Amino acid sequence: MSGRRRAREGHLHHVRRNEGGLHELRHAQPAPHSLPDGAAGFAPGQSIAPCEGSLLSFVEAIRQRWDGIVAKIDDVARHAGVAPSTVSYVLSGKRSISERTRQRVLRSVEALGYQPHAGARSLASNRSNVVALVVPLRAGIHVPVIMQFATSVVTAARGHDHDVLLLTQDEGVKGLRRVAGTALVDAIIVMDVELHDPRIPVLRKLQRPAVLIGFPADTEGLTCIDLDFAAAGAACVDHLAALGHRRVALVGSPPEVYERKTGFARRTLAGFTRAASAHGIATSVHPCEDTPDAATRVATELLRDHPDVTGVVVHNEPVAAPLLGAFREAGRVVPDDLSVVAICPDEVAERTSPELTSVAIPADEIGRQAVDLVMAKLNGEQVPNATLLRPRLVQRRSSGAPGRSNRRPV
């Protein structure tokens with residue numbers, strides 16, 4: 001026997017079972033080192049001894065302790081005073097169990113922190129308890145906002161005892177077929193939907209419930225949810241028109257977003273244009289890359305080509321603050337010379353100077369409802385084909401009546 005092995009076995013004496021059905025790891029010297037409270041399943045203040053600097057022995061000790069502390073179905077059965085099969089029936093619901101016994105089992109499950117084995121649970125229920133989320137990670141997409149949607153979906157899915165598998169947009173149709181053609185996921189949520197999205201025919205044929213965050217041109221046979229971006233674009237124009245503005249500009253998404261015919265961008269533009277026409281307001285549209293330099297360039301061109309503009313609608317979160325700075329550098333005071341309204345998350349609008357009047361993007365609400373819809377479909381329930389969330393405009397310090405400044409536009 002090697003010296004290292006003798007040293008390891010000299011410090012990890014033995015493992016014995018205690019009254020609670022779990023294992024207790026017994027240590028010898030040297031003196032133990034405290035672990036952080038709750039680390040690796042250890043109780044607060046508990047400690048474990050390393051073996052004369054041997055990282056291998058330390059890791060082995062943690063592994064053995066972890067193996068011992070994870071409750072098994074037999075532990076739950078012993079704690080509740082029932083057979084393991086009864087525990088299984090209570091958790092799966094496949095057989096009728098008396099309410100008294102059921103409650104006793106559930107109390108034991110909670111007391112021991114028992115988690116059913118994912119593989120066994122999947123075999124029993126014919127479900128993976130996983131939802132696929134197709135997220136857009138490509139040019140023209142503002143990742144912080146996308147992550148708000150993703151976080152909301154993950155949180156809501158956990159409330160339904162489901163985990164989330166992230167698929168990137170570049171996997172496209174192949175990615176959808178791959179996850180749907182196996183037992184990897186129970187359902188699919190798709191983001192960044194284009195008007196003529198190539199994934200739509202595949203989604204219609206897949207034998208998996210699916211929900212789209214976004215609307216294609218043809219929604220037949222689909223379940224879609226999103227902010228009503230057409231109404232959001234119109235609400236911004238309506239607000240400026242009510243203040244008396246007669247020429248407004250839209251600083252929109254990056255050019256590639258329009259070229260892909262992404263639904264939210266196209267619908268915002270359509271709502272903006274229709275509302276301006278209804279009010280008899282002159283307009284101009286300026287796609288903008290999502291960089292500060294691009295914001296400065298667009299602001300310069302806008303003020304040069306349309307010196308009489310008094311209102312701007314921004315639908316491009318990353319350039320909201322740079323645009324305000326560019327207008328300031330050009331000698332335009334917001335809102336005295338120029339009113340600015342944005343379609344963006346509240347946290348973006350509230351961090352600019354001045355704070356932006358805005359229509360909020362309710363990422364948390366959309367993500368939560370998307371999960372609720374896909375879970376309802378998974379359970380065979382009827383759901384609405386289209387869910388459009390009404391826009392909510394909050395007036396802050398960046399908008400007001402035109403002509404408040406005594407200075408002439410530059």
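Values in this document were obtained by computation on a predicted structure and should not be read as measured data. Nothing fancy with the numbering, it's 1 onward along the sequence.
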T273 backbone acceptor or donor facing S277 side chain under 3.5 Å: no
Student check: side-chain heavy atoms of E329 and T296 closer than 4.5 Å: no
Residue R390 excluded, over 12 heavy atoms near CZ under 6.0 Å: no
Any side-chain heavy-atom pair of P384 and L373 under 4.5 Å: yes
N385 side chain vs T219 backbone, donor-acceptor pair below 3.5 Å: no
Separation between CG of L356 and SG of C344, rounded to the nearest 0.5 Å: 6.0 Å
Crowding at CD, E381 (>12 non-hydrogen neighbours, <6.0 Å): yes
Electrostatic pair R208-D186, nearest N-O below 4.0 angstrom: no
Member of V76, V105, V90, I97 meeting the side chain to side chain contact (heavy atoms under 4.5 Å, CB included) criterion with V82: V105
Exam field: side chain R247 to backbone A282, donor-acceptor pair closer than 3.5 Å: no
Backbone of M147 reached by a side-chain donor or acceptor of T151 within 3.5 Å: yes
P84 backbone acceptor or donor facing S88 side chain under 3.5 Å: no
Pairwise distance CG(L389) to OG1(T387) - rounded to 0.5 angstrom: 7.5 Å
Backbone N/O of A210 and side chain of K377: donor-acceptor pair under 3.5 Å: yes
Intermediate values then yes/no, side-chain contact (heavy atoms from CB on, under 4.5 Å), L166 and V164: CA-CA 6 Å; L166 294 181; V164 172; 4.0 Å; yes
Ion pair R396/E350, N-O distance below 4.0 Å: yes
Main-chain N/O of R199 paired to D197 side chain as donor or acceptor, under 3.5 Å: yes
Least distance between heavy atoms, G214 atom then D226 atom: CA-OD2, 3.3 Å
CZ (R158) with more than 12 external heavy atoms under 6.0 Å: yes
A299 to F327 - nearest heavy-atom pair and separation: CB-CE2, 3.7 Å
Residue pair T357, V340: steps toward the side-chain contact (heavy atoms from CB on, under 4.5 Å) verdict: CA-CA 7 Å; T357 296; V340 180; over 6 Å; no
Shortest non-hydrogen contact between P292 and P322, atoms and distance: CA-CB, 4.0 Å
Interatomic distance, I343 atom CD1 to N316 atom CG [nearest 0.5 angstrom]: 11.0 Å
Aromatic centroids of F272 and H315 separated by under 6.0 Å: no
Residue pair E99, R102: steps toward the salt bridge (Lys or Arg N to Asp or Glu O under 4.0 Å) verdict: CA-CA 5 Å; E99 185 60 23; R102 179 176 173 274; 3.3 Å; yes
Distance-minimising heavy-atom pair for L323 and V251: CD1-CG1, 3.7 Å
Student check: side-chain heavy atoms of R204 and D218 closer than 4.5 Å: yes
Nearest-0.5 Å distance, CG of residue L112 to CD1 of residue I73: 12.0 Å
Short side-chain to backbone donor-acceptor contact, T223 and V211, under 3.5 Å: no
Nearest non-hydrogen partners of H245 and G311, listed with the distance: ND1-N, 3.9 Å
Salt-bridge criterion met for D74 and K72 (N-O under 4.0 Å): no
Stepwise side-chain contact (heavy atoms from CB on, under 4.5 Å) check, I200 with E194: CA-CA 9 Å; I200 300 302; E194 300 170 5; over 6 Å; no
Note, F149 side chain near I366 side chain (heavy atom, < 4.5 Å): yes
Student check: side-chain heavy atoms of L393 and V341 closer than 4.5 Å: yes
Side-chain heavy-atom pair P216, C224 within 4.5 angstrom cut-off: yes
Spacing of OG belonging to S152 relative to CD belonging to Q369, to within rounding of 0.5 Å: 9.5 Å
F264 and V193, any side-chain heavy atoms less than 4.5 Å apart: no
A265 to V257 - nearest heavy-atom pair and separation: CB-CG1, 3.7 Å
Stepwise side-chain contact (heavy atoms from CB on, under 4.5 Å) test for C236 and V359: CA-CA 8 Å; C236 295; V359 172; 3.9 Å; yes
Pair R368 + E365, salt bridge at N-O below 4.0 Å: yes
Test: R392 and D346 ion pair at under 4.0 Å: yes
T291 (side chain) donor-acceptor with A294 (main chain) under 3.5 angstrom: yes
N/O donor-acceptor pair under 3.5 Å between R267 side chain and F215 backbone: yes
Close side-chain approach of S399 and L243, heavy atoms under 4.5 Å: yes
Reported SG-to-CG distance for the pair C288 and L250, which is rounded to 0.5 angstrom: 10.5 Å
